[in-house]
Number of protein chains: 2
Amino acid sequence: MAGTDGRTTGARYRRLAADLREAIASGAFGSDGRLPSEEQLAQQYGVSRGTVRQALSVLRANGLVTSRRGTRRVVLGTARTQSFMELMSFTLWARSLGEEPGGRTIDITRCTANPLEREQLGLAPGAEIYRVLRLRTLSRVPIMIERTIYVEHVGAMIAGLEPEAISHIEPLTEQGVVFADAEHTVDLVYADAEDAELLGCEEGAPLMRERRRATDPAGTPLEWSEDRYLPGTVSFTVHNSVASTALSRRRA
Amino acid sequence: MAGTDGRTTGARYRRLAADLREAIASGAFGSDGRLPSEEQLAQQYGVSRGTVRQALSVLRANGLVTSRRGTRRVVLGTARTQSFMELMSFTLWARSLGEEPGGRTIDITRCTANPLEREQLGLAPGAEIYRVLRLRTLSRVPIMIERTIYVEHVGAMIAGLEPEAISHIEPLTEQGVVFADAEHTVDLVYADAEDAELLGCEEGAPLMRERRRATDPAGTPLEWSEDRYLPGTVSFTVHNSVASTALSRRRA
DNA sequence: GTGCTGAAGTTGGCTGTACAACTTCAGCCA
DNA sequence: TGGCTGAAGTTGTACAGCCAACTTCAGCAC
């Protein structure tokens, strides 16, 4: 809880957003959930109305408050949306749940990217990539199988890690690799022989699949991953509104 | 394509965003995909830099462009994110794909909400709701089964429609019901007897489930729906970034 | 009581300004 | 060649102000 909340660094509007998020979670805005007016918040926190609006737009995008011309904002929910990194990193996510994350690297190889992989990572013919296969556990129970391909310079860092390393993304971050954007696609697939063996299910059993393409701040792809979860272990939730939608339903 | 693009009404930043979206889709920013600076766009369109930034933040949230201090923005992708209403309305969505949407209302009843339903819609004990069960088809092929509960005054409108009505949401919109926010949760479930009969699959077969809670601009819940899709018919895609994340992974 | 009207309150939209933080790149120096 | 430095360019953050659009509600007329 005290990781991102109550922060003392960074932009003012972000600190303010964190403050307000905490206030909402603690039920500080009464039973009707009406927030103070932007002007009142501005005076209260000693910032301009513009800064307040910036902070509130963050909460709005996260589905925490409404916004509607003519009336004060009201609390929509206290839904704790995870940070971007908690979504990228299985390890971070597990820890935020209070569970013990585990990982076993089954295989990691360096090879030339095939056409499909080149397209996913935006690479030129002949480019080298790393393929990584890992089994992920939560409190020692197998949950998910992760097939990731990394761009060469990132994969090289991964290859330098111990096979027992629980988190792959944390070391990357420490070495200056920055993940900035990702596109996630969720659908349903059936376990192949490898999935079945590693996850301990039957071949052909249904699995939830999350495919993810992540890029750095410049828009350069860094990794492309296909994760397969055992049924009943996770679900994915997304909030959207007329004001902002990053969600889409696709025909398979 | 020409539904939301090239608009001539609404806020300036929205029109500008639509313009820029179109320009990106048509590849107007060259092979490197570098956008003009905010200042240049402001002069070009005769608006202030603030308005340009508002427009660009929309594209940013949709994953169309990067944004990074110090450098110009670059095109990330042309991913067509759907409008909020296309996500809410199966009918609108199907039409945007060029497919023929169909719907058959199996059952619609008015009754007293049980505790679970009351919680979902934020109702007081004894409140009345409408339960609607529908089978949805795409080009006459069964795709999805939809179990929706509506708040009383909305359900009453639904109940007044013909059983053959393809779209339920469009009539609601015409009668002034406004959907503003929604929270979607995607996971995997197994078909019960009813699912199996209606969708033509076997009992116990895996299905993709999307649960959705939608509210009006004031934050009042309007509907709560549980949709079950046959495997291989749809997938859900969401873009997120360090700047904005409305997505979260939940432990089941 | 019912319904209308208008004032007050609130958020949305747009402009302008200023500075901070960061990236890029040319040019210089060793 | 290699690396450093500094200037120019660009986006991020914050402030202040103005008006429009909308909601709410008290007060009034009927």
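Chain A is the first sequence line, chain B the second, and so forth, proteins listed ahead of strands; every chain is numbered from 1.
Dense packing is recorded around CD of B:Gln44, with more than 12 heavy atoms of other residues, nucleotides or ligands lying under 6.0 Å away.
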TODO: Could you check B:Val154 against B:Gln175 for side-chain contact (heavy atoms from CB on, under 4.5 Å), going step by step and ending with a plain yes or no?
DONE: CA-CA 10 Å; B:Val154 177; B:Gln175 290 182 54; over 6 Å; no
- [ ] Before giving the answer on salt bridge (charged side-chain N to carboxylate O under 4.0 Å, His left out), spell out for B:Glu86 and B:Arg95 the whole-Å C-alpha distance, their side-chain angles and the decisive distance to 0.1 Å.
- [x] CA-CA 9 Å; B:Glu86 272 173 358; B:Arg95 286 193 188 131; over 6 Å; no
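A:Arg68 comes within 4.0 angstrom of sugar-phosphate atoms only, judged by non-hydrogen atoms across all strands, and of no base. The residue B:Arg49 sits close to a base: some heavy atom pair falls under 4.0 Å.
If you check C:dT10, C:dG13, D:dA14 against the side chain of A:Arg72, the one that comes closest is C:dT10. Of the candidate nucleotides D:dA14, C:dT15, C:dG13, D:dA14 has the atom nearest to the side chain of A:Ser48. Each of C:dC14, D:dA14, C:dT11 was ranked by its minimum atom distance to the side chain of B:Thr51; first place goes to C:dC14. Of the candidates C:dT15, C:dT11, D:dC15, C:dT11 carries the atom nearest the A:Ser37 side chain, counting heavy atoms from C-beta on. Taking the side chain of B:Thr71 as heavy atoms from C-beta on, and the options C:dT11, D:dA14, C:dT23, the nearest nucleotide is C:dT23.
Heavy-atom nearest nucleotides on DNA chain D were determined for A:Val47 and for A:Gly70, and the one closer to the 5' end corresponds to A:Val47.
Atom CG in B:Leu41 sits about 11 Å away from atom P in D:dT10, given to the nearest Å. The distance between atom CZ of B:Arg14 and atom C1' of C:dC14, rounded to the nearest whole Å, is 14 Å. Between B:Gln43 atom CD and C:dG16 atom P there is a gap of 11 Å when expressed in whole angstrom units. Taking atom CG on A:Leu56 and atom C1' on C:dG12, their separation rounds to 13 Å, with Å as the unit. Computed from coordinates, the A:Asp216 CG to C:dT23 P distance equals 12 Å when rounded to whole Å. A:Glu39 has its CD atom 12 Å from the C1' atom of D:dC15, to the nearest Å. Residue B:Arg15 contributes atom CZ, which lies 12 Å from atom P of C:dG13 at whole-angstrom precision. Atom CD in A:Glu38 sits about 15 Å away from atom C1' in D:dC15, given to the nearest Å.
Taking 4.0 Å as the cut-off between side-chain N and carboxylate O, B:Arg12 and B:Asp19 do not count as a salt-bridged pair.
Contact check, A:Arg53 against C:dG12: a side-chain N or O comes under 4.0 Å of OP1 or OP2. Residue B:Arg69 has no polar side-chain atom (N or O) positioned under 4.0 Å from OP1 or OP2 of D:dT10. Considering only side-chain N and O atoms, A:Arg73 lies under 4.0 angstrom from the phosphate OP1 or OP2 of C:dG12. A close approach under 4.0 Å does not occur between any side-chain nitrogen or oxygen of A:Arg34 and OP1 or OP2 of C:dT10.
Taking CG of B:Leu41 as the start and CG of B:Leu16 as the end, the distance is 7.0 Å to the nearest 0.5 Å.
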